[in-house]
Amino acid sequence: MPQDTANTQIVRVLLGASLVLGSVYPLIEPQLALVPGVVLKGLCVGLLALVALLWARGTDGWLLAGVMAAGTAGDVLLGLPGRFEVGAAAFGVGHILAITLYLRNRRRPLDAVTLAIVAALLVAGVALPQMLVAGNTGLAVYALLLTGMTAAAFASRFDRRVPIGALMFLVSDALIAVRMQQPGSGLALGLAVWWLYYFGQFLIFWFVAKAIRSGPAR
């Protein structure tokens, strides 16, 4: 079997497995013990990180792999007791890498609508933590990184489904904050948190990877 064909089949299996696991994870996680649940959770985006690593060529490819790897680390750490802050820090690293990737691929010039969206996101990232939980420096920094990542995605040259994925990620994190304020808020909210996050990550991965692979290595 030619090497390229074998690699293509491996990638298809990895992507298919990620989509299946990402879809069913929140439905079966309550029935799993801690370790199997954390492993399953990590595989959802972890398989995307592996494909990004296999596809990486040039700085942009390595940055995308880093974004997905940081998300995987965050997923695993948040699934472990007492690791919330470390998990959030891993996601913060991912946001920094994503901002770098998007700014390397920013559109020029930005239209008025995009500029307004970017400005609104950055203002929200500064203002909302102060309104909701004033004095929590860690949350304020994370919120600014999250909204900065989303704003940078809107300013990038990538397919419009990339900023949609980033916005889904942002909404997922906002719903986590709601769930933390309302323990026992139900299955529907938990499903929304996970599916918005996972499919947001998948949109980011797929359409960034497609743009990188179709153009010259950077």
Side-chain angles (χ1 to χ4, degrees), residues 7-56 61-81 83-98 101 142 145-146 149-150 153 159 161-177 179-180 186-210 212:
N7 290 340
T8 298
Q9 290 183 348
I10 290 171
V11 165
R12 286 176 177 171
V13 169
L14 294 174
L15 292 177
S18 173
L19 283 167
V20 170
L21 294 177
S23 298
V24 305
Y25 165 74
L27 301 174
I28 63 176
E29 186 271 338
Q31 284 75 48
L32 298 175
L34 176 63
V35 172
V38 169
V39 170
L40 178 60
K41 185 180 184 184
L43 284 172
C44 297
V45 175
L47 294 173
L48 301 182
L50 180 56
V51 175
L53 188 62
L54 292 173
W55 279 348
W62 291 111
L63 284 169
L64 178 61
V67 170
M68 294 297 127
T72 302
D75 288 338
V76 170
L77 290 165
L78 289 182
L80 298 172
R83 296 292 187 272
F84 182 84
E85 292 182 355
V86 182
F91 278 115
V93 171
H95 296 329
I96 293 171
L97 294 174
L101 172 62
Y142 180 82
L145 289 175
L146 175 61
M149 178 275 292
T150 309
D159 186 284
R161 282 162 284 195
V162 171
I164 288 173
L167 193 59
M168 290 166 66
F169 195 141
L170 186 153
V171 172
S172 174
D173 273 8
L175 292 178
I176 290 176
R179 188 170 60 178
M180 291 173 67
L187 176 63
L189 183 58
L191 293 176
V193 165
W194 176 259
W195 282 334
L196 281 167
Y197 162 73
Y198 171 76
F199 288 107
Q201 287 278 56
F202 191 89
L203 287 177
I204 292 168
F205 160 78
W206 182 254
F207 288 102
V208 171
K210 183 178 179 181
I212 292 173

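Nothing here was measured: the structure is a model prediction, and the numbers come from that model.
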(request) Could you name each residue pair satisfying side-chain hydrogen bond (donor to acceptor under 3.5 Å, both in side chains) that touches residues 67-76, not counting sequence neighbours? (result) D75-Y197

(message) Give me the atom names and distance for the closest heavy-atom approach of A17 to L47.
(response) CB-CD1, 3.7 Å

(message) Within the 4.5 Å heavy-atom criterion, are L78 and V86 side-chain neighbours or not?
(response) no

(message) Can you confirm whether D159 sits close enough to L203 that some side-chain heavy atom of one is under 4.5 Å from a side-chain heavy atom of the other?
(response) no

(request) Start with the C-alpha gap between K41 and V38, add the side-chain angles, then the distance that decides, and say whether side-chain contact (heavy atoms from CB on, under 4.5 Å) holds. (result) CA-CA 5 Å; K41 185 180 184 184; V38 169; 5.6 Å; no

(request) Taking all heavy atoms of L196 and all of S172, pick out the closest pair and write down the distance. (result) CB-CB, 3.9 Å

(message) Checking Y198 against S18: is there a side-chain donor and acceptor pair closer than 3.5 Å?
(response) yes

(message) Nearest 0.5 angstrom please: Q9 CD to L14 CG, how far?
(response) 12.0 Å

(request) Measure across A65 and A52 and return the closest heavy-atom pair with its distance rounded to 0.1 Å. (result) CA-CB, 3.7 Å

(message) Does any part of the side chain of L101, heavy atoms only, come nearer than 4.5 Å to the side chain of L97, both counted from C-beta?
(response) no

(message) Suppose we screen for side chain to side chain donor-acceptor pair (under 3.5 Å). Which residues come up paired with Y142, at least two apart in sequence or across chains?
(response) H95, D173

(request) Looking only at non-hydrogen atoms, find the nearest pair between G87 and L77 and report the distance. (result) CA-CB, 3.6 Å

(message) Applying side-chain contact (heavy atoms from CB on, under 4.5 Å) to W55 and V11, what does each step give before you reach the verdict?
(response) CA-CA 9 Å; W55 279 348; V11 165; 3.4 Å; yes

(message) When you compare the side chain of F205 with that of V51, does any pair of heavy atoms fall below 4.5 Å?
(response) yes

(message) For Q201 versus G71, what's the shortest heavy-atom pair and its separation?
(response) NE2-CA, 4.1 Å

(request) With rounding to the nearest 0.5 Å, note down the distance linking CZ in F207 to CZ in F202. (result) 8.5 Å

(request) Could you tell me which residues satisfy ring pair (Phe, Tyr, Trp, His ring centres under 6.0 Å) with Y25, sequence neighbours excluded, listed by chain and number? (result) W194

(request) Spell out, as yes or no, whether a donor-acceptor pair under 3.5 Å connects the side chain of S23 to the backbone of L19. (result) yes

(request) Kindly check if the number of other-residue, nucleotide or ligand heavy atoms within 6.0 Å of CH2 (W206) is above 12? (result) no

(request) Starting at CG of L54, measure out to CD1 of I10 and round the result to the nearest 0.5 Å. (result) 7.5 Å

(request) Specify the closest pair of heavy atoms between A70 and A90, including all atoms of both residues, with the distance to one decimal. (result) CB-O, 3.5 Å

(message) So, taking the atom named CG in L21 and the one named CD1 in I28, what distance separates them when rounded to the nearest 0.5 Å?
(response) 7.5 Å

(message) Among V208, L63, I204, L53, exactly one meets side-chain contact (heavy atoms from CB on, under 4.5 Å) together with M68. Which residue is that?
(response) I204

